[in-house]
Amino acid sequence: MSETKGIKRVGIMGGTFDPIHYGHLVTAEETRGRFNLDKVIFVPSGKPPHKKGYTVTDARHRYLMTLLAVATNRFFEVSRIEIDRQGYSYTVDTVNQFYQQLPEGTEIYFITGADAIMEILTWKNIEELLGRTRFIAATRPGIELEHMKLVLKELPFSAMEMIYPQEVPAMAISSTDIRMRVREKRSIKYLLPEAVEHYIYKNRLYHDE
């Protein structure tokens, strides 16, 4: 973590970032402004438990692509905290580790997609997590804000107080679609930063999936 002096509010944006794209970056920037975050730290997942049975690109590539993507925004950083951890990566462990590293009194906002929040009851130690961290659930195409609010009201504890649904500019970009486009030799230009596009082709990622 490069600089923590004066930091009061931090956004932690988790994800596989396989690859990172403009949908992720727009969500992070929109959230930073709306919640007055001092910085947003992108955390590429190491061994995500929700991806069991799926092939995920080597963490080294996902980390480097994320570094390239955030290089032009001084409010963005990238952390290896989950990549360097052995075993599966659980959000509660990541958040607790950040609390140990950040100045006392820092508020952490965990930014994730609305689809992930819909499954929040399956997360490890979720009640502990909700007791320490605020969640920002970014809506995506196909998941309406009002529908998500209704789902949250059905949770067996006061999740609504700690989860903030947030609408972001609709960008129907997905990592799955980008990987498929590369495999099918279709253009991925303007879906992700040019530096990331070049990295994918230089390292022949996703060509043979």
Side-chain angles (χ1 to χ4, degrees), residues 11-31 40-73 76-91 94 110-120 122-123 136-144 147-148 166-209:
I12 305 296
M13 187 157 183
T16 49
F17 303 128
D18 193 16
I20 189 168
H21 52 69
Y22 280 129
H24 298 123
L25 299 172
V26 168
T27 297
E29 182 64 10
E30 186 78 6
T31 301
V40 175
I41 304 173
F42 289 72
V43 184
S45 59
K47 190 177 179 183
H50 63 287
K51 294 286 185 180
K52 291 176 182 175
Y54 291 85
T55 300
V56 179
T57 302
D58 186 283
R60 176 177 60 90
H61 288 308
R62 294 185 288 109
Y63 173 73
L64 290 174
M65 286 191 286
T66 308
L67 276 180
L68 290 171
V70 309
T72 58
N73 190 326
F76 289 176
E77 288 185 14
V78 186
S79 169
R80 293 181 56 91
I81 201 169
E82 289 197 357
I83 291 174
D84 292 339
R85 185 185 304 145
Q86 299 296 315
Y88 286 112
S89 301
Y90 293 100
T91 301
T94 299
F110 194 88
I111 308 165
T112 189
D115 51 345
I117 288 294
M118 301 290 220
E119 300 174 351
I120 198 167
T122 67
W123 293 21
I136 299 170
T139 59
R140 295 176 176 175
I143 300 179
E144 299 294 335
H147 173 67
M148 190 168 65
Q166 180 195 1
E167 286 184 303
V168 296
M171 296 184 71
I173 302 174
S174 76
S175 298
T176 301
D177 179 61
I178 291 173
R179 295 196 301 271
M180 183 174 66
R181 284 172 174 268
V182 173
R183 187 173 63 247
E184 296 176 348
K185 297 182 173 53
R186 297 161 59 198
S187 174
I188 57 172
K189 191 173 289 296
Y190 308 128
L191 299 178
L192 70 181
E194 191 173 8
V196 179
E197 179 187 354
H198 290 165
Y199 186 94
I200 289 171
Y201 290 130
K202 181 179 179 181
N203 292 278
R204 291 195 56 77
L205 301 182
Y206 314 128
H207 285 70
D208 303 318
E209 289 187 358

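- Residue Pro19 comes nearest to Leu192 through the heavy atom pair CG-CD1, 4.1 Å, listed as atom of the first residue, atom of the second, then distance.
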Begin from the C-alpha positions of Phe17 and Thr57 and carry the test side-chain contact (heavy atoms from CB on, under 4.5 Å) through to its verdict. CA-CA 9 Å; Phe17 303 128; Thr57 302; over 6 Å; no
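- Taking CZ of Phe76 as the reference point, atom CD1 of Ile41 lies at 11.5 Å (rounded to 0.5 Å).
- Glu184 CD: more than 12 foreign heavy atoms inside a 6.0 Å radius.
- Taking the six-membered ring where the residue is Trp, Phe110 and Trp123 present perpendicular rings, their angle passing 60° and hence far from 30°.
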Please evaluate residues Thr31 and Met13 with respect to the criterion side-chain contact (heavy atoms from CB on, under 4.5 Å), reporting the C-alpha separation (whole Å), side-chain torsions for both, the decisive distance (0.1 Å), and the verdict. CA-CA 10 Å; Thr31 301; Met13 187 157 183; over 6 Å; no
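- The minimum heavy-atom distance linking His24 with Ser175 is given by the pair CE1-OG, 3.7 Å.
- How far CZ of Arg85 is from CD1 of Ile81: 6.0 Å, rounded to the nearest 0.5 Å.
- Residue Glu82 comes nearest to Ser89 through the heavy atom pair OE1-CB, 3.3 Å, listed as atom of the first residue, atom of the second, then distance.
- Side-chain contact between Leu25 and Pro193 is present, with at least one heavy-atom pair separated by less than 4.5 Å.
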Evaluate the side-chain contact (heavy atoms from CB on, under 4.5 Å) criterion for residues Ile200 and Met65: first the C-alpha distance (whole Å), next the side-chain angles of each, then the deciding distance (0.1 Å), finally the verdict. CA-CA 8 Å; Ile200 289 171; Met65 286 191 286; 3.8 Å; yes
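- When all heavy atoms of Ile111 and Gly11 are compared, the pair lying nearest together is CD1-CA, 4.1 Å.
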Stepwise side-chain contact (heavy atoms from CB on, under 4.5 Å) check, Glu77 with Val70: CA-CA 7 Å; Glu77 288 185 14; Val70 309; over 6 Å; no
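- Listed here is the closest heavy atom pair of Pro44 and Thr66: CG-OG1, 3.9 Å.
- Rounded to the nearest 0.5 Å, atoms CG (Asn203) and CG (Leu64) are 8.5 Å apart.
- In this structure, OH in Tyr22 is found 9.0 Å from CD1 in Ile173, a value given to the nearest 0.5 Å.
- One distance of note links OH of Tyr206 with CZ of Arg183; it measures 12.0 Å at 0.5 Å rounding.
- With sequence neighbours excluded, no residue forms a side-chain hydrogen bond (donor to acceptor under 3.5 Å, both in side chains) with Glu30.
- Taken to the nearest 0.5 Å, the CD1 atom of Ile188 stands 4.0 Å off from the OH atom of Tyr201.
- Closest heavy-atom contact between Arg179 and Asp18: NH1-O, 2.7 Å.
- Inter-residue side-chain proximity for Val56 and Arg62 is flagged as met; some heavy-atom pair is nearer than 4.5 Å.
- Of the possible polar contacts, one joining the Asp58 side chain to the Arg60 backbone as a donor-acceptor pair under 3.5 Å is found.
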